[in-house]
Trainee: 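Structure below; questions to follow.
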Amino acid sequence: MSLLWAILTALLAVGLLAIVFGAILGFASVRFKVEGDPLVEQIDELLPQTQCGQCGYPGCKPYAQAIADGDDINKCPPGGDATIKRLADLMGVEATSLDAAHGVEDIKKVAFIREDECIGCTKCIQACPVDAILGAAKQMHTVISDECTGCDLCVDPCPVDCIDMIPTQATPSSWRWNIDTIPVRQVS
Amino acid sequence: MNYKLASSPHQHVRRNTGQVMRMVIYALIPGILLQTWFFGFGVLVQITLAILTAVITEASILELRKRDFERAIKDYSAILTAILLAISIPPFAPWWVVVIGTFFAIAIVKQLYGGLGFNVFNPAMAAYVMLLVSFPVQMTQWMPAQSLTTHQPGIVDAIYAVFTGFSADGFSLMQLQSAVDGHTMATPLDAIKTGLAQGLTYEEGLQSAIFDGSLGIGWWWVSLGYLLGGLYLIRAKIINWHIPGGMIAAMAVCAGIMFLVDGDRFASPLFHLFNGSLILGAFFIATDPVSASTTNKGRVIFGAAIGFWVYIIRTWGGYPDAIAFAVLIMNMAVPLIDYYTRPRTYGHQKTNKGVPK
Amino acid sequence: MSRVLTPSFDDIIKNIEQNKLWDFPGGVFPAQQKELSNNLSIENMSLPERLYIPLKQHIGVEGQLIVNLGDHVLKGQALTRSANPFAVPVHAPTSGTILNIGPHISAHPSALPEQTLVIEPDKLDKWIALSPLQDYQSLPKVAVLEAICNAGVSGMGGAGFPTHIKASPKKDVEFVIINGVECEPYITADDRLMREHAWQIRQGIDVLCHLLSPKQIYIAIEDNKPEAIEAMRVACQQSEHYKVVPIATKYPAGGEKQLIQVMTNREVPKQGLPIDVGVIMHNVGTCYAIADAVFSGKPLIQRVVTVTGQAVQTPKNLWALIGAPVSHLLDLAGYVADKQAQKHIIMGGPMMGFTLASDQVPVVKITNCLLLPTKDEIAEPEAEQPCIRCSACADACPVSLLPQQLFWHSKAKELDKAQDYNLFDCIECGACAYVCPSEIPLVHYYRVAKADIRLEQEEKQKSDKARERFESRAGRLVREQEARDEKHRKAAEARKEAMQNKGGDAQDKIAAALARAKAKKAQQAELTSGEETSLHDTNQTTSEQTSGTSKDDKVAAAIARAKAKKAQKADSDQLGTNTPAASEIASPAAPDENQLAKNDSPGQSKDQRVAAAIARAKAKKAEQSAHVSTTESSTPANLQHSVHLESAAPTSAGRSSVPALSKDQRVAAAIAKAKAKKDQQQVEAHNDEKNTLQVDAPTNNELNEVHSVKPVSKDERVAAAIAKAKAKKAQKLAADETIKASESLTATLSREQADPESDSGQEQAASANQADDIATKKENVSVDTLDPTAQKKARIAVAVAKAKAKAKKLAQQNANTARTDNIDALPASEPSELSSNEDSNNLPSSEAEQALDEKKRRIAAAVAKAKAKKAAQMKSSEE
C-alpha cells in the first residue's frame, strides 16, 4: 500500500513539475519571442547580388530562398569562398569548397560594349538584371560600369559579340597595399 | 637594379627580441651571483644544465617543426626560461630534475603551444609547478645559507652532488643540508610556516638560527640583488613598473593589514617581500611579456592579483611559497583582464566594451 | 549642436601663458638627423627636361583638363578647373609645351599610374599675367577664398586637403594652430621655410585670420628648431594674438590630432574634424602658399623639398617645381646609389614616407622630403619574428590603441574584431612598428586591413544597390506585363468592333487589317521584352493614325516596305496574317518622317533621302515610340524610361548648372550656391516638363539660358558634353542626398506617366543620360579620340543625320504638342522653340553618336543587320 502510495506521489510530483515547467517555457516562448530578420533576408544580405544566375536560380534572392529551403551553400562563384564561409556561419553548417559545376571564382569584371560594333539591338538591355545598360533600339548601348555587377548575362545575347568583360582596374584608392606586386621598373 | 620597396616606418629602434632577452639575463646576474655566494655552486651547475637542455630541446623541436632554429636560439628566450627555472629549484637537486623541468618548459609549455609568443603560461613557472607536484622531495631540499652548514661544498662537490646525490667527499645531501647544530635546515618561509603551525608566534619563529636576527640569512641579500636588476630593467624600459609595482604593493598591503591585525600570527610585510622569490617573481617572472597582461591598467591588476594570491597561499595554503601558482592562475586570467582594461582611444568617449561578434 | 569643450578657451590660454602644455600618450624619439640639412638654405632648382604634373594632387576630386595636347602654356597657367568644391586646379610650373596627357607613375605608395600632364619646358620660364588681390581685407571672404582655390593651394603638410575648404568652416573658430612642428626625422623643409620666409608665412597667417576670425593663433614649433622659433617670433611680435609656442620634441607631435592635444588638451572626436573642437590647423608651408596666392597672385607651382640622407653627397633644401621628376632632384643633390645596398628612395620621412618604385615619380604638392638612406642609417628590415606580446607598441601608440591586438586580428583577417579595436583611429604614424622588437611591420598589416574593410564596405554598398536595382527591375517587369495584358484586352475589343463594322468601305478594311496586325504584334510582344514591344506597338499605332499616305514619298517608302516585308515574312511561319499589315506599317511611317524632314530641312536632296530611307525607317520606328498618342502603348516606354531617369534625373539638373558656372569661371567657392541652384533647377526642370505648353516664360528662359551657354562649334560642344558628364559623375559622388531627392522625383514622374509632357521629358532625360554615360565612359583618354573623329564624321557625313535628329525631335514634339494643343491652341512658334530647346538638350555627343550610327549603318549593309536583328528577335520570340 505504502509502495503504491509512494509511486503515486512520485508520479504526481513529476507530472506537476512537468506542467509547471511547461507553462513557464510556453510563457517564455511567447513573452521573449525573437523577432529576427527572416532567414531569407539574412542570406540575401550575404550574397554578392551579381544576379548572375550561375547558381541555377534566376537571381540572388531566389537562391537565398533555396538555401533557406535547404540547398547547398557552395553554388555562388562570384561570392567565392568568403561568401561560403559567411553563409556557413549563418546557417551553422560546414563551409565546403565552391561547387565547380557552377563556375569558378574569378577576378572582378565589368561589361564593356565595343560601341562601334553595337547595332542597337537592346538584347543586352533586356538581359541585364540590374538595368545597368543604357540605350534604345537602334541606338548605341553602353554599360554604366558603376552599376555593372559583372554577371556576364549580357554577353551571350549580343548578336554581334560586341560585349567584353573587362577586369576592373585597381586604383590608388582601392589598392590593397600589396607592395610586393608593384611592377618595379627596370632602371638601366 | 630595382628599387627597394617597403612599407613605412622605415626606421626602427635597434633593439630586437634577442637584445631584450639578453638584457633581462644581464639584469639577473647580481642576484645569481649572490645566490651562488650564499647557497653554493649548485646554482651555477643547475643553470648550466638548464641552458644546455633548453637549447638542445628548442633546437630539436624547431627542427621537427621545420623552423629556422638558429634565429630562435639567438632570441635568448629559451635561455632566459632555463635560467629562471634553474634559480628557482634547490641548488643541489638531482640533475634529472632540472633536465626534465627544462624540457617540459620548452617542449610542452612553449613549443606545443606554438612557440615564442603563443604560450599561454609562463614556461619556467609551469615547469616549476610540474616539478614541485611530481618530485616534492627533491624540490624542497633547499640548502641553508652556507655560513650555517658544517660542510661548504666547492664547485666539484656541487657537480658531484647534483649528479650523484653525494659530494666529492662522500657526504650525502642530508649531511650537506644539516646545520652546525645538526638540525636539518629549512628555508625561512618554511621555518616560519612550521613555527606558526606549531603555535609559535612570529617573533618566536624568527629566533631560529637561519634568521640570525634578520629576515633570513642569504635570502634577504639575494632578493636585494634581484631588486637591483629589476630596477635596471625598468630604467632601461625593458619592463614597465606596473606589474612589479602592483605585485609588491598588493603583497605589502595584504601582509601589512594582517600583520597589524595580529602581529603574532602573521609575518611582517618586509619578511614576505624579501623572503622566497617574491622580488624575483615580481621583476623577472610575472613580467614575462608573452603570458602577462598587455595593457597598463591590466598589468597593475595582473601584478596585484599575483601578489594577493602569493600572500593567500603562503599564509593559508599548503606550500611555503607560491609565486609559480599565483603566476599560473593569473596567466589564465590575462585575456579577460586585457579585454576589460582596454585604454580609451583618442577621440572616443569611452572604450568599446561590447562583446565582440 | 553645441558641445561644451573642455578645457575651456580661458583655461587653455592661461595654461599656455604659463608656458605649460599638455602631452599625448605614447610617442617615440627617433634619431633626428636634421643636422644633415637644417643649415642649408633653400636653393632654386634648375629646370628639368620634363615636368610631370598629376591632375590630382590633393584629397578630393580632380578637375577637368582645360588644355590640349600640344598647347603652349605659360608659367602659372591653370591646367585644370572644376566647379566642384573639393577640386583645386593644378598649374603649369613653367612655360612650355604640353607633350603628353596620359597615365604616369604616381607619387603614391602603389605607384599605380595616374592621369598626368607632361610639359616640356621652353626654358623661357615666362609667367602668365598674375592678378594679385589688392587690399584683400576690403574684399569679401569669398573672393579671397576663390583666389586661394584658384591658386591650387591644398594642405602641404601631408594630407593635401583643399585649403579653401579648411579656411571656410561652418563653425566658430577658437584657435588657429599653425603647424611648424615637423616631427619626422630628417625633414627640414618647414624649418628652413620658417627661418628664411617667416614674414611671408606671417602674411599668410594674416590672411587666414581674416578668413577665420579666430580668438587666438598659435604657431607650434618643436623645440629642436630654435632658429625657426626665433624667426617666427620676430615676424609675429607685432601681432598680439599670435603666439609662437615651442613644444617638446617627440614623434608624432606634428600629427594634427596630437598637436591639438598638446596645445589644447582637446580631442578631436572620432570621425570628426578639428573644427569640432574649435580648432583649425594649417601647415606653415600652406601659409606661405596662401600669401603667395593672395599677395602676388602666384599659384602653387613650387614647394620646399628636403633631399637628404647619407646616400646623397650634398643634402639640399630645394625650391622644387611641382612635377619635377625625383631623378632631377637626386641629380642635383648628388645621389650615390652605391652607398645603398639596394636603390631605395623614400618620399617623405623615415616614419611615414613611402618608397618609390621609380625615380620618374614627380614631386607633388605634398612632397616634403626625399630621403636616401645608406644601409647603416636604415637597416634592411629583418624577417618578422613572432610577437612576444611585450606591448612596447601599446606604450608607443599616440592614440592609445592596442596595436598588438589589432595586429592579431588584422593578420587573421578578423576585420570586424579589428574594427572593434578601433582600427580606423590608427593614424599610421609608425610608432608601434618603430619600437617593435620582433620587427613586425605592424602599420602595414593595419593598412591592408583598412583597405580590405573599405573594399568590403564598398562591395556591400554596391551589392545593396544591385539588389535594389534588381528588385526595381523585377517590379517593372511585372508592371509591364500588366500593362500588356490590358493592351491585349483593348486590342481585342477594337478588333471585335472592327469586325462588327465590316462590310463598310475600303477604309474600314484597312482599319481592320491594322487592328489585326496590332493584335498579332501585341501577342508577339508578349514573348519579346517590354521595350521592344513598345517600339513596335508604337509604330503600329502611329501608322494607324497617320495612314494618309502621300504619293510622292513612295520611292523611299518602297524600299522600307520591301525590307519590312522581308522581315515580317520571317515571322510569318508563326502567323501568316501579318503580311498585309507589314506593308501598312512601313509605308505610312516613311512618308510621315519624310514630311517632317522636309519641313525642317528642305534642302535635303532626293538621293540622300533614298539612301537614308532604309535606316531612317528603322530609326524612326524607334524614335517614334515616345510620341504615340495612345496612352496604353506609351506606358511601357514610359516605364522603361523612368528607369533610366532614375540615374538621369539627379544629373540633368547638375549638368545644366555646371556649364553655366564654369562659363562664368565662378569656381568652387560657391558650394552652397551650386547645390541650391542644382536643387532649384531640378525643380525647374521638372516644372519645365510640365509647363512648357503653358508658355511658362521664366522656366523657358531658364532653359534657354542653360542652352545658350553651349558653345557654337561642334568640338566645343562635344568637349562640353564630356565635361558635363564628368561633372555629373562628380556631383553624383558628392551628393548622395540629391540622388535620393531625385529618386523621389522619379517616382513623381513615374506617376505622371500618362502626362505626355513628362513622357517626352523623360525620354529627353534618358537620351541625355545615355549620351552622358557615353561621354563619361570615354573619359579623358577617349576625349582626344572621340573629339576629332566624332567631329569630323559629324561634319562630313551628315548634315542629314543632324537634320534628321532634329526632325525626329520635332516630330516628337509635334506629336506631343498636337495632343495637348487641342486644349491650349498653342501659338505656332511655341513648338519650334521647344524643339530647338530639345534639340540642344539632346546633347551634342549623342548627336555625334547618331551621326556615327548613321554613317555606319549606311556603309555597313543596313539590310543585313536588320535581317540579323529580325532573326534574333524571332529567335527570342520563339523562345
Side-chain angles (χ1 to χ4, degrees), chain A residues 44-51 58-61 82 108 112-113 115-123 125-132 134-149 151 157-160 169-179 182-185 187, chain C residues 105-106 108-112 114 343 355 357-360 444 447-448 451-452 454-455 458-459 462-467 469-474 476 528-532 535 618-619 621-623 625 643-644 647 766-767 769-770 773-774 777 849-850 852-853 856 865 868-869 871-873 876:
Chain A
D44 196 35
E45 276 289 301
L46 298 178
L47 293 173
Q49 304 300 326
T50 46
Q51 318 291 357
C60 292
K61 191 76 177 276
K108 209 158 158 33
F112 175 75
I113 295 178
E115 291 160 1
D116 287 347
E117 293 166 40
C118 174
I119 57 166
C121 71
T122 73
K123 296 278 174 224
I125 297 181
Q126 294 157 42
C128 182
V130 290
D131 283 331
L134 278 178
K138 306 293 156 61
Q139 305 288 330
M140 184 198 72
H141 304 338
T142 197
V143 178
I144 314 173
S145 46
D146 282 352
E147 310 287 358
C148 178
T149 63
C151 68
C158 181
V160 292
Q169 290 288 323
T171 61
S173 59
S174 71
W175 187 55
R176 287 189 59 250
W177 279 92
N178 31 3
I179 233 164
I182 291 178
V184 178
R185 296 193 173 183
V187 180
Chain C
I105 186 164
S106 62
H108 183 270
S110 67
L112 287 170
E114 276 189 332
K343 277 191 178 182
T355 50
S358 158
D359 60 3
Q360 291 306 301
H444 186 68
R447 287 184 180 130
V448 174
D452 284 349
R454 281 199 204 101
L455 283 180
E458 219 168 80
E459 252 161 46
K462 228 186 143 179
S463 83
D464 284 349
K465 208 156 96 187
R467 181 185 301 118
R469 289 178 77 92
F470 177 69
E471 277 162 9
S472 76
R473 178 178 186 268
R476 195 192 76 229
T528 56
S529 106
E531 85 215 79
E532 191 81 9
L535 299 179
K618 283 199 290 175
K621 233 171 168 182
E623 285 297 317
S625 66
V643 173
H644 293 320
S647 50
S767 70
N769 185 44
Q770 181 189 355
D773 249 278
I774 293 155
K777 236 166 84 141
E849 293 296 342
Q850 274 180 10
L852 276 168
D853 248 17
K856 193 178 66 193
K865 235 179 249 167
K869 204 214 111 188
Q873 189 185 328
S876 75

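The structure displayed is predicted, hence computed values, not measured ones. Chain A is the first sequence line, chain B the second, and so forth, proteins listed ahead of strands; every chain is numbered from 1.
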Trainee: Applying side chain to side chain donor-acceptor pair (under 3.5 Å), name anything that partners C:Arg447, two or more places apart in sequence or on another chain.
Mentor: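 Result, side chain to side chain donor-acceptor pair (under 3.5 Å) vs C:Arg447: B:Ser7, B:Ser8, C:Glu428.
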Trainee: Closest heavy-atom contact between A:Trp175 and C:Leu112?
Mentor: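 Scanning both residues, the minimum pair turns out to be CD1-CD1, 4.1 Å.
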Trainee: Indicate the ring-plane relationship of A:Trp177 and C:His108, choosing parallel, tilted or perpendicular according to the 30° and 60° boundaries.
Mentor: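 Plane angle between 30° and 60°, so tilted.
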Trainee: Could you check whether any side-chain N or O of C:Arg467 sits under 3.5 Å from a backbone N or O of A:Asp44, counting only pairs where one atom can act as donor and the other as acceptor?
Mentor: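 Yes.
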Trainee: Any side-chain heavy atom of A:Glu45 within less than 4.5 Å of one from C:Asp464?
Mentor: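 Yes, side chains in contact.
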Trainee: Can you check side chain to side chain contact (heavy atoms under 4.5 Å, CB included) on A:Gln51 and C:Arg473, steps first, answer last?
Mentor: CA-CA 12 Å; A:Gln51 318 291 357; C:Arg473 178 178 186 268; over 6 Å; no
Trainee: Please report the closest heavy-atom contact between A:Cys148 and C:Lys462, naming both atoms and the distance.
Mentor: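 Residues A:Cys148 and C:Lys462, closest heavy atoms: O-NZ, 3.2 Å.
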Trainee: Please determine whether a side-chain nitrogen of the Lys or Arg among C:Arg469 and A:Asp131 lies less than 4.0 Å from a carboxylate oxygen of the Asp or Glu.
Mentor: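 A:Asp131 and C:Arg469: not salt-bridged.
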Trainee: Side chain from CB out, backbone as N, CA, C, O: work out which of these in A:Pro129 comes under 4.5 Å of a heavy atom of chain C, or both, or neither.
Mentor: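 It is both, since atoms from each part get that close.
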Trainee: Tell me, side chain or backbone of C:Arg454 under 4.5 Å from chain A's heavy atoms, or both, or neither?
Mentor: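 Contact with chain A involves no heavy atom of C:Arg454 at all.
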Trainee: Would you name the heavy atoms of A:Pro48 and C:Ser463 that are closest together and state the gap between them?
Mentor: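 In this case the closest contact between A:Pro48 and C:Ser463 is O-CB, 3.3 Å.
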